[in-house]
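Read the structure below first, then the notes.
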Amino acid sequence: MNELNLDYTLFIPEFLLVGLVVLVVGLDLFAPQVRKSLLSYATAAGLAATAGISLAWIDVESDFAGVVAVDNYTTFFRVFFMLGAAVIALASGRLVEERLRHPGEYYGLLTLATIGAIGMAASRELMTAYLSLELLSFSSYVLVSYQKYEGRSNEAGLKYMLLGAFSSALLLYGLSLIYGIAGSTYYSDVSAALGAGTSEYEWAMLMGIVLVITGLGFKVAAVPFHMWTPDAYEGAPVAITMFLSTISKAAGFALLLRLFSGAFEVVHDDWSWMIAGISAATMILGNLVALQQHNIKRLMAYSSIGQVGYMLMGIAGLSHETASALVLHMTGYMISNMVVFVVIIAWYVQTGKEEIDEFRGMRERAPLLAGALAGALFSLAGLPLFAGFVTKFILFQAAVDEGYLWLAGIGVTTSVVSLYYYLQVMRRAFVDAPAEGETERLRIPYVMQGLAVILMLGVFYVGLYPQGLFDIVDNATAFLFV
Amino acid sequence: MIDVFFYIFAATVIAGALGTVLVRSVVYAALFFIASLVGVAGVYILLSVEFLALVQVLLYAGAVTVLILFALTLTRVEELRQRVDGGQRAMAAVGALGLFGVLVAVMSQTEWPRDVNQLTTVPFASIGDAIFNRWAVPFEIASGVLLVALVGAIILAMQEEGEV
Amino acid sequence: MDSGYWLLATIGIPLVAAAVLLFVPDERRDIVRWTSAGVGAALFAISAFIFFAYQVDDGDQYQFFIRYNWLENVAFLGDNGISLAFGIDGIAAPMVLLTGVVAFGGALISWKIEHHNKDFFILFWVLVSGVYGTFEALDMFFFFFWYEVAVLPMYLLIAVWGSSSVFETFARSKEYSAMKLTIMLVAASILIWIGIFAVFNEAGLGTFDLQTLHAHEFDRDFQLWVFPLFVIGCGVLAGLWPFHTWSPDGHVSAPTAVSMLHAGVLMKLGAFGIIRLGIQLLPEGATFWMPGLMVLATGNVVYGAFAATAQRDFKYMIGYSSVSHMGLVLMGLATMNVIGVNGAVLQMFSHGVMTAMFFAMVGAVYDQAHTRDMRLFSGLVGRMPLFVFFFGVAGLASLGLPGLSGFVAEFHVFVGTFRTYPWAAALGIFAAAMTAVYILRMMSMSFFGPPDEQFGALREMTYLERGTAVLLLAFILFMGLWPAPFIDRIQESVRNLPGVS
Amino acid sequence: MEVIEQSVPLEHFLVLSAILFSIGVFGVLSRRNAVLILMSVELMLNAVSINLAAFAVYTAPQLFIGIIFALFVIAIAAAEVGLALAIVLRLFRNRGTANVDEVATLKW
Amino acid sequence: MDDAWVLPALPVASFVILLLVSQYLPRKGDYIAIAFMLASFLLTLLIAVDVADAIGDEGVGSFEGVARSWQWLEIPGYIEIRMGTFVDQVTLVMLFCVTFVALLVMIYSTGYMHGDRRYGWFYSIISLFVASMLTLVLADNLLLLYFAWELVGLCSMLLIGYYNDRQSAAEAAKKAFITTRVGDVGLLIGIIILFTQTGTFNISEILHAAEEGEIQREWLTAAAVLLFAGAVGKSAQFPLHVWLPDAMEGPTPVSALIHAATMVVAGVYLVARMLPLLEAVRGVPELIMTVGMVTVFLSALIGLAQRDIKRVVAYSTLNSLGLMFVALGAGAVGAAMLYLFVHAFFKAMLFLASGSVIHATEEQEVDKLGGLFGKMPITATAFVLGAAAMAGVVPLSGFWAKDEILVGVDHAHYDYVFWLLVISLPITALYMTRVVLLTFFGEPRDERVHEHAHESPIEMTGPLILLGVLTLVSGFVIFEGVGEALGFHSGWLGFVYNPEEGPEEFGFIAWISVLSIVLVLAGIAAGVWIWGGAAQVARRFGAFSPFTYRLLLNRFYIDEAYQLVIDYVVLGSGKVVAWFDRAVVNDSGVNGTGEATDFAAFAGKHLQTGKIPQYALAIIIGVVVIAAVAFGYRT
């Protein structure tokens, strides 16, 4: 057995994160008197710092026993996830303080979940990928049901948990089949085995891929594996909804990209149509059902389902171009979505309201939030000046170049549908006058205002001059196709 | 000789499983569950991976089932059939059979590579060795998962002050 | 050509203005007003400069050309894959001028907006920059980019500052109209997206640069199936029948300035798109499909005219007359011969100023009377003679009275159409006569006759409104009496259009 | 690692696991009590581990991946049970039921 | 002659000036308008001299007219439009009528419109009208002609609707504009046809092409008919005559200028200009004559029963216009233009006189007037003179012109037409006599009105006198002697003639003249018998056949018929379309799509039952289906 490269230094950022977890939990435990919002700042700072540190691995191309790769792709997602988590930690501050118990564990779990996400992006081997996924999922299960005295939260948690377990069982079965074929769980070996292209185990391969798609489709909420999404999103604490709709989803795609490009690329034609079909169904159902929603979290759930549909296009016509287009779109989507959630959280913390109708008069009571909301929603709807337009355009164009014009057509059409319900939200925020006796200006904490502004700047950056980001992404995804 | 055992274990496993998903009383269901798990352990032995069998018996048949029994008693309510089983049994059957059909189709269609119908026993030691070298990362992640589960379970389940 | 900075200015100034206004506190309405008036004036000046500085002599190439690389050599994009390229030809030049005029007028008219006029102007300027961008963009991606920018603010502009109205048989809430307008326009742009994707993919040049793509020969079958996408996609914005219903309702509900800009300029984007994307990219497709467009366009013209005769609300009447007049534009395009296309572009300009005048005037009376039901008014001329004068001029222009812009344009359209489709031309002229019917009907109904006491309080227009009206009037007369400057610029480029004979 | 001639072919194990798996699925689909659903999921996981172990010893003994994988699966499954039961208890405290049909306030 | 463009330029200037600053000027600046008008009148005389000289130099019949033009717009290789002037004899005649009558009317109006609220507006629009009328006349190409054509229409509309606080005025204005516009549609299409055929708008080039037969027959026919349609609209010929009587809603001077002397004869002018083209098509001359004839009888009969003095005069105008068209149809350009020429004077005079009556009595119902001769002698004389000329009494100008027309028609061998014309003579005489008698003779029917009546001021009577003189003498220009005395080389017929046939000598056909004289006198006599004294006979007629009376009184119900068409056909279909647009296209098509989508969403949302087993089921179904498809795909 050849000499393994067991280089633990590769995981310094993760170790630091673990340290951060210990620190935060300890802080909460042994210094209960400190202001709880301090924890959120600490977590955010730690995550951001680690993100900075992990920049040191740029252009390092190495791996741990072939199990986990540290290349620009990993680095990109490390930074991406850590910064995202930092934003979420900051955004959670007031919410946790006022509505949740055990803040220390909350931030700890958040951080652990981030590690799981990174693992998903980094792993080049099925077992590791699966375990990272479970790490992310378990943390999410706990966090979703974190409002322990809130029936809705528990219910959401239970649904997410049971269905999650169920689908991961399916995923595992699929993995076992693939293992049976390849005799190994390394993506490279799998790819080699499939590449051999003997028809004896074609069916097993197909079944395996179907089940893998099922498991990961559940993770990223693709139709018909999406059913948990609206319920979990609605029940969970808002910040966690934010987490689910951004990082957890992105992690799913990071894994999908790595896995499908690394292991299944060779049999592209055998599975691309599955993804394409799922993508179409996802776009249509997600955006359609969103029309009927009245709870903002639920609406965002469906809208994110729709977004998943677009992103799956990138998987369906998998190639370097589509991959980078996909990651680009994912970035833009994540930033825009975070703006929306920052606004929702701020509004919820101040008014305790999360029904769309209760957004009325936001223009009067919190102009900045209203503005940011409008911008972000336009971005999600894919209108120009904002991130959504460019990224969507490029993603769809990429899909078209891979021969998926019809998918792009559905995508464009459904994004018009999405515009409808986004506009409905905007109508509440801008057109409707505030309800009786609720006209005074809200005092939005500076943290939230700052977040909204900074994220909006991000949205504009991606929307107006994405060359830099696009280059980075392109370079990162290049490592998937060596 | 071996295959006789195999069929016995298989029978246990399947019977136990069926019992688990069919019987009305949750407690009986749990007992059937244990039986099935033990059967699985037997299957491991046939596969000459005694280590797994061990873990199976200890972890599952031991800890897990106890946990489950506790949970069942804690959440016990009067058990009418339609409360235990959903209205969609028929659909469930169809779904499960459909899946089964698919899987069987796979099995029947597939010629497993490198399958020379002989099994290789794996020594404990080398497994442990592998876990701490090549598979260190997954191992650590798994420990992380367990930690999360632990902490989560505590946070969610613990009685807090001010709670009835 | 460094003069390209002028084009950048037309797009940049409004955007910058919008950004700056963001930081003005809500209650400082005066700052907002003065800034916007200033910006409007500047834009008008620059646009006029661009129009007149356009070199007729080398009209065979894009002028004021400027290019910045935006996205290139990444993923599927090759050299200058997406570039911020601007430039105008003789067709765009009048459109730029038009935008300047109407934007300036709109800014003045909106002076009296009180409710969050800051937000209003932010959206307004975004809209304006979008319009400029579309007319000036020479990159397929950015063409569409600005096209959508121009649609983006419409919902809020209408839904927040618009007006709902209830009629005998039905009611139109501003939210409804706003939503319908936005969704229909964006839905139409679906087709344009798909078309653009297909074109890029088919050309396989890895660039969205329009000049490069114009040079590329697409094979016939491709052209045949893609061209309809562009024509219908853009046509909806141009009020193509039967996808026009957003237009009357939208204009009725929109605030004055938005109606002006939307009917005056935005609808032209559609026709412009048909030229830029449709005819220039896919000439064979154009020649193949234009007869179909001609049928629809004739439908527009007649249908709009008839519908207008039955209207009771000033804005509805104008809205439908816009449908009818935009039909003339499409008619001109559908002829695919030089005179006709010329006429189409002329009509784009003419209809722009004239309909802007209409809406400005309606706004002037609506702000005082808070109704637009023409049956309620009578003898307005006694109360607001100037208003009646300007409204009358616009009306006469729209019914094609010689000496006013309408005639020159319609005349070209008819002459052009007549060569290939005499029946269509005849129908068109007939519809033009119908225009006289509803315009005069409206005038005699509510402008003349005994002045009624109900609106005794009506005062003459404010000076800002007069200013706007004079500005627009000037251009109506300019084009009506001396169209040569326009035609010199337009015809050169029109003759260079592929497939136009 | 010594090699043993085996009279029971690989397919038998696979079919067994397939059956077990399908039964588990049936359980998940038909049961209403959260704990029972959980048990059914466990059945499915067991099926998976059987698969893995069988493949490991029959076709790919080197690296012991299958065994280790099965090990992890068991571990995770146990953890899963623990966490899930905690949530069930929590829910039972708040709602007084562990019946998944009754915890359906989040819908549509 | 090259600088004929100055003619319209002057009134344009006064239009602009008055429009902008009239309210700041003393007397609203009417003197400016008059001054400019005078200037252009004098210029016209200069041009007349030039033309005379030119003809003198080039010899009779060879003078083709003088043209000058400037490029207006050009699309090289496709279209070039030059705007320019063209002066020949016909032009000259028109120029003279327009400038002269306009001048007089302006002077007259200083009295008639005195102290009116929108006095300045009145003068500016009059100026604009004159400008466009002159342009129309001078235009060397059809496009410019159409330009002016529409502008005069606009001015006429504005002036008809001058009393804009009267709903009836507004309606009349609308009616006038729209009715004429129906004709204009034809004209425009005709012009476009000619352009597409010949590639030019220049009249002489088009005529040339037409004569060379370079225009396809069917297109030529279409063009001819359509052009004529335009003329019909403008000159209020049957069936588009309905607007002219209503046009009397405008101030009387306007009626005199626009609806008698100048604008309404634009149609005649157009036909005269394009005559070679029209004659090139078989059937069109007959068409023209028929239309003219119908109009003549229609108007004459209706004129018999009208009560409003101005309306009677208006119908007499229709009558005259009909005559001119008949003449043109017969190719007698000279005669037609002569009639146009003299008609300008006596008809203007008739209007101005009736205006003076209205001004004095503030009453226009003939039933309420009567016996005014004593009260306002000048006005009465003028009116009688005009009426006589209209009726065609020797030796007034009307007689000579009408006589020439008869000769022309006879000359062209249209016997039916000839005899019909002859029959129309007494009827005309009859109703002119009627209005004269009812207005100025007999005993006053309404004392108050009669008391109130008085002679009008000099600025009104002055023009009347001047016109009266012209009415007396203008007919004599037909004689060579007079023509030469005026400095022309010949009499009228040698001056204005049909280019086809060339200049003619004045031929006096005794029996025709005698016939007309006799018939006219008979008509007058009958009139006196019927309406003389207390008009007993008239009442008896009325009683004898009330139906005929009502028929005539209501103008054969033609207006009502049109009204029905407008209301039910045009507006009705408008309503239908509007309804269709709202109900079908919008509510069903657009909203329908929206609602369908929303329903789909509603259905889709109910998949989300909130129950875990069902979610799981969805997943399993997904798996099985995809797998099944995949395998089916394989086998």
Side-chain angles (χ1 to χ4, degrees), chain B residues 2-3 6 10 13-14 17-18 20-21 26 29 33 36 40 43-44 47-49 52 55-56 59 63-64 67-68 71-72 74-75 77 83-86 89 92-93 95-96 99-100 103-104 107 112 114-115 117-123 127 130-131 135 138 142 145-146 149 152-153 156-157, chain D residues 1-12 14-16 18-27 29-33 35-36 39-40 43 46 50 53-54 57-61 63-64 67-68 70-72 74-76 78-79 81-83 85-90 92 97-99 101:
Chain B
I2 298 264
D3 43 11
F6 172 78
V13 172
I14 293 169
L18 285 175
T20 320
V21 299
V26 285
F33 181 57
S36 149
V40 173
V43 173
Y44 289 147
L47 287 168
S48 74
V49 278
L52 271 184
V55 176
Q56 175 82 0
L59 207 72
V64 171
L67 207 57
I68 287 179
L72 285 176
L74 280 174
T75 66
V77 280
R83 291 184 61 87
V84 180
D85 290 325
R89 288 189 108 209
L99 185 68
F100 182 64
L103 293 179
V104 169
M107 299 309 164
W112 298 97
R114 299 176 308 280
D115 175 13
N117 197 14
Q118 54 180 218
L119 57 84
T120 321
T121 61
V122 275
I127 294 181
I131 283 188
W135 305 117
V145 175
L146 294 180
L156 292 178
Chain D
M1 316 207 266
E2 88 260 34
V3 171
I4 311 167
E5 284 308 318
Q6 175 60 289
S7 58
V8 186
L10 171 62
E11 279 70 15
H12 286 38
L14 298 184
V15 172
L16 170 64
I19 296 172
L20 187 55
F21 194 76
S22 312
I23 295 176
V25 169
F26 173 78
L29 298 191
S30 65
R31 291 303 205 179
R32 276 189 177 183
N33 181 311
V35 183
L36 291 182
M39 288 196 277
S40 318
L43 292 181
N46 275 285
I50 294 179
V57 295
Y58 272 91
T59 69
L63 308 185
F64 330 110
I67 310 299
I68 296 171
L71 210 54
F72 284 139
I74 295 174
I76 298 294
V81 174
L83 186 49
L85 287 178
I87 295 179
V88 172
L89 281 181
R90 184 80 256 159
F92 189 78
T97 175
N99 181 323
D101 283 4

**OP:** State, with a plain yes or no, whether a side-chain heavy atom of L20(D) is found less than 4.5 Å away from one of I14(B).
**Re:** no
Original post:
At a heavy-atom separation under 4.5 Å, does F100(B) approach chain D through its side chain, its backbone, both, or neither?
Top reply: both
**OP:** Go through A17(B), A149(B), S48(B) and name the one with the most non-hydrogen pairs under 4.5 angstrom from chain D.
**Re:** A17(B)
Subject >> Where A75(D) and L146(B) come nearest, the two heavy atoms and their spacing >> reply: O-CD2, 3.9 Å
Subject >> Check: T121(B) and V57(D) side chains under 4.5 Å, non-hydrogen atoms >> reply: no
Original post:
Going from CG on L85(D) to CG on L156(B), what distance comes out if it is rounded to the nearest 0.5 angstrom?
Top reply: 12.0 Å
**OP:** Kindly determine whether L71(D) and I131(B) satisfy side-chain contact (heavy atoms from CB on, under 4.5 Å), including the steps that lead there.
**Re:** CA-CA 11 Å; L71(D) 210 54; I131(B) 283 188; 4.0 Å; yes
Original post:
Under the 3.5 angstrom rule, does the side chain of R31(D) hit a backbone N or O of T20(B) as a donor-acceptor pair?
Top reply: yes
Original post:
With a 4.5 Å heavy-atom cut-off, do L99(B) and F21(D) have their side chains touching?
Top reply: yes
**OP:** Please look at L119(B) and chain D and tell me whether the side chain, the backbone, both or neither of the residue comes under 4.5 angstrom of a heavy atom of that chain.
**Re:** both
**OP:** Check whether any side-chain N or O of R89(B) sits under 3.5 Å from a backbone N or O of S30(D) as a donor-acceptor pair, and report yes or no.
**Re:** no
**OP:** Starting at CH2 of W112(B), measure out to OG1 of T59(D) and round the result to the nearest 0.5 Å.
**Re:** 8.5 Å
Subject >> Atom group of I50(D) that falls short of 4.5 Å from chain B, counting heavy atoms >> reply: both
Subject >> Heavy-atom side-chain contact between V35(D) and V26(B) under 4.5 Å >> reply: no
**OP:** Starting at CG of L103(B), measure out to CD1 of I19(D) and round the result to the nearest 0.5 Å.
**Re:** 10.5 Å
Subject >> Residue part contacting chain B, namely of F72(D), when any heavy atom lies under 4.5 Å >> reply: side chain
**OP:** Check whether L47(B) gets within reach of chain D through its side chain, its backbone, both or neither, counting any heavy atom under 4.5 Å.
**Re:** both
**OP:** Provide the closest heavy-atom pair for G27(D) versus V21(B) in the form atom of the first, atom of the second, distance.
**Re:** CA-CG1, 3.5 Å
**OP:** Find the one option among V15(D), V8(D), L83(D), I76(D) whose heavy-atom pairs under 4.5 Å with chain B are most numerous.
**Re:** V8(D)
Original post:
Which atom pair, heavy atoms only, marks the closest approach of L67(B) to G82(D)?
Top reply: CD2-CA, 3.7 Å
**OP:** Mind checking the CD1-CG spacing from I67(D) to L52(B)? Nearest 0.5 Å is all I need.
**Re:** 5.5 Å
**OP:** Identify the two heavy atoms, one from A96(B) and one from V25(D), that lie closest to each other, and give their separation to 0.1 Å.
**Re:** CA-CG1, 4.4 Å
**OP:** Kindly indicate whether the side chain of I74(D), heavy atoms from C-beta on, has any atom under 4.5 Å from the side chain of V55(B).
**Re:** yes
**OP:** State, with a plain yes or no, whether a side-chain heavy atom of N46(D) is found less than 4.5 Å away from one of V13(B).
**Re:** no
Subject >> Contacting moiety of V49(B), where chain D heavy atoms sit under 4.5 Å >> reply: side chain
Subject >> F33(B) side chain reached by L43(D) side chain, heavy atoms, under 4.5 Å >> reply: yes
